[in-house]
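In what follows, a structure is listed as structure tokens, so that the remarks can point back to it.
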Amino acid sequence: EVEETLKRIQSHKGVIGTMVVNAEGIPIRTTLDNSTTVQYAGLLHQLTMKARSTVRDIDPQNDLTFLRIRSKKHEIMVAPDKEYLLIVIQNPCE
Amino acid sequence: MEIVYVYVKKRSEFGKQCNFSDRQAELHIDIPPNPELAEQFMERNPVDTGIQCSTSMSEHEANTERFEMETRGVNHVEGGWPKDVNPLELEQTIRFRKKVEKDENYINTIMQLGLIMEHCVKQNNAIDIYQEYFDDEDAVEVTEEAPSAKTINVFRDPQEIKRSATHLSWHPDGNRKLAVAYSCLNFQRAPEGMSHDSYIWDLGEGRTGSGRDSRREGPGQEGWEEPSSPLVTLEYNPKDSHVLLGGCYNGQIACWDTRKGSLVAELSTIEFSHRDPVYGTIWLQSKTGTECFSASTDGQVMWWDIRKLSEPTEVVIMDITRKEQLQNALGAISLEFESTLPTKFMVGTEQGIVISCNRKAKTQAEKIVCTFPGHHGPVYALQRNPFYPKNFLTVGDWTARIWSEESRESSIMWTKYHMAYLSDGAWSPVRPAVFFTTKMDGTLDIWDFVFKQCDPALSLKIFERETRREKILEARHREMRLKEKGKAEGREEEPREEEVSINLEELVAKAEEEFFNVIYSEMKRKETEALRKPTEVRAWGGARMGGGKAWH
């Protein structure tokens, strides 16, 4: 079912790429090329950590559930977890 | 002082063993204390000495060798592969990946994250959530035009003895018909032979039609039976537009059906009616649509069912001491009922207090919920704001006040004290902060509280126009009289009349035509007397809300 889920996400309109990265930065699953993936993985991992610590600093009971970065060209969505990160890059239709 | 003791030892005895022996103590030197020495010293008493009881410590500094640090970014080229996996070897990496994918934790996690992610992806696809929905510039509505009002129609009492219009009620369906109650409210000063009729005016087709063109019908007009007493108030039934309720000057309640024609449908019996003129009548929201209630200055509020007007269904005495004593009761001058709050109603009294009552209370005493004091004179008008029912407007003495139900000590907003007594007020049904007030000097003020609080947004003088018209009518009349007598002086009057007419051309044209009719019928009577009476009564009538005039 993991396959199905990832395939389904990838098939949505506007989705450029999907990747699953583990806590060490190793891309488990990716639809983009390796170097891009690794770059995304490393950078987004740090950012997610920072975001999570920010949320928890403000309210210790709170936790980060989702992270959305909207840029001019596209939107990067990160769904964090203890061990893994699910990253999707989408081009939202305007 | 040197103390010396000399002992002698032979040379030959050097090095000889010492034999110790005991002997008695010998006093060698004795030094007695010398008091003279004491004089060199001074006794000090007390003696201060500092002592400290703590651990003795010492201070010491040390500096470690500095450790150089530098912030640098690291560019990951390849992920943090565990030691046993060689990143360059494809096989190993694939194997590692497969292993991770088999992990149960991985599967669960991905399912969960996948759900969240999908939601957001779909959201993005659905609409652009970051779109600018409102333009940056604030569109401030600035009305260029100054507020203004225009007379559309004038309806004048067709009777010879002019009465004041005391109450107006618009037809509930379209705003075409207007029921007007005429009476003379000055106590026992109603002139002899004054008609008791009241009328329903139809505004006719054109909006600029003069009052003369409109048809009028009503109780006491052409086959309608005249009521025994003039009507102080008149109300259309909001549910059934053919039924009208009227409150009489003598305290009775009367009911008409326009379909049935002339006869008064029902009239309440004198014994059970009010003892003073009925100042307020309002229809109630009920399933049958036949319930109404009335209030009067005798201090009672009565509920009626129009099918049986012989007796009121309920009577409440406006006694704020809650003892139901009629002597202590306050006379009711205005009545207010909002169909959205069906169990509550409010009564404005002659003493300046507004009483809020609950209809559904069990005992008479509990009917009166609270009072709102604040006016110095009778509360002539009382109305809830149609948009915010918790706030209501009262008009009395020289001010108009806005109240909130929550604050019972005083009103929340009030206008400044005017020069003339305020006679009536009403909220605008379309704009929440606009209300109208009328004054005894003949001005109609339109207040817009959103725009300006200290002054009315627009102030219109009705009275002045009336006096002008009187002057025009006088001038015209004199002119006609003189023309009839065929004197040349009539021409002198004309230029004067033309001067005035430059200002109010429309009104003159209207007034002319109307006046021709009046002149011909009044030719034989004393004209000056006839003119003076309408001036008086109409002046007072002009100040009542919509008295003699209809505003759109």
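Lettering follows sequence order; numbering is per chain, from 1. Any value given below was found using the heavy atoms of this structure, including those in side chains, with hydrogens, waters and symmetry copies removed.
Contacts between A/V2 and chain B at a heavy-atom distance below 4.5 Å involve backbone atoms as well as side-chain atoms. Within the 4.5 angstrom heavy-atom criterion, no atom of A/L43 approaches chain B. Of the atoms belonging to B/D103, it is side-chain heavy atoms, and not backbone ones, that fall under 4.5 Å from chain A. Proximity to chain A (any heavy atom under 4.5 Å) is restricted, for B/K122, to the side chain, taken from C-beta onward. The parts of A/V88 that come within reach of chain B are both its backbone and its side chain, each placing non-hydrogen atoms under 4.5 angstrom from that chain. Within the 4.5 angstrom heavy-atom criterion, only backbone atoms of A/V78 (N, CA, C, O) approach chain B.
A 4.5 Å side-chain heavy-atom check between A/E83 and B/N105 finds at least one atom pair inside the cut-off. The closest side-chain heavy-atom distance from B/V121 to A/V15 is below 4.5 Å. You'll find the side chain of B/Y106 reaches within 4.5 Å of the side chain of A/R29, heavy atoms only.
With rounding to the nearest 0.5 angstrom, the CD atom of A/E75 is 8.0 Å from the SG atom of B/C120. Interatomic distance, B/E101 CD to A/I28 CD1, rounded to the nearest 0.5 Å: 7.5 Å. If you take CD on B/Q112 and OG1 on A/T65, they are separated by 11.5 Å, rounding to the nearest 0.5 Å. Atom CG of A/L85 and atom OG1 of B/T109 lie 11.0 Å apart (nearest 0.5 Å).
The two residues B/M117 and A/M77 have their closest heavy-atom pair at CE-O, 3.3 Å. Closest heavy-atom contact between B/L113 and A/Y84: CD1-O, 4.3 Å.
The choice from A/T5, A/V21, A/D81, A/T18 that makes the most heavy-atom pairs within less than 4.5 Å of chain B is A/D81.
By the 6.0 Å contact criterion, CZ on A/F66 is enclosed, its count of non-hydrogen atoms from other residues, nucleotides or ligands being greater than 12. Atom CD of A/Q10 has more than 12 neighbouring heavy atoms from other residues, nucleotides or ligands inside a 6.0 Å radius.
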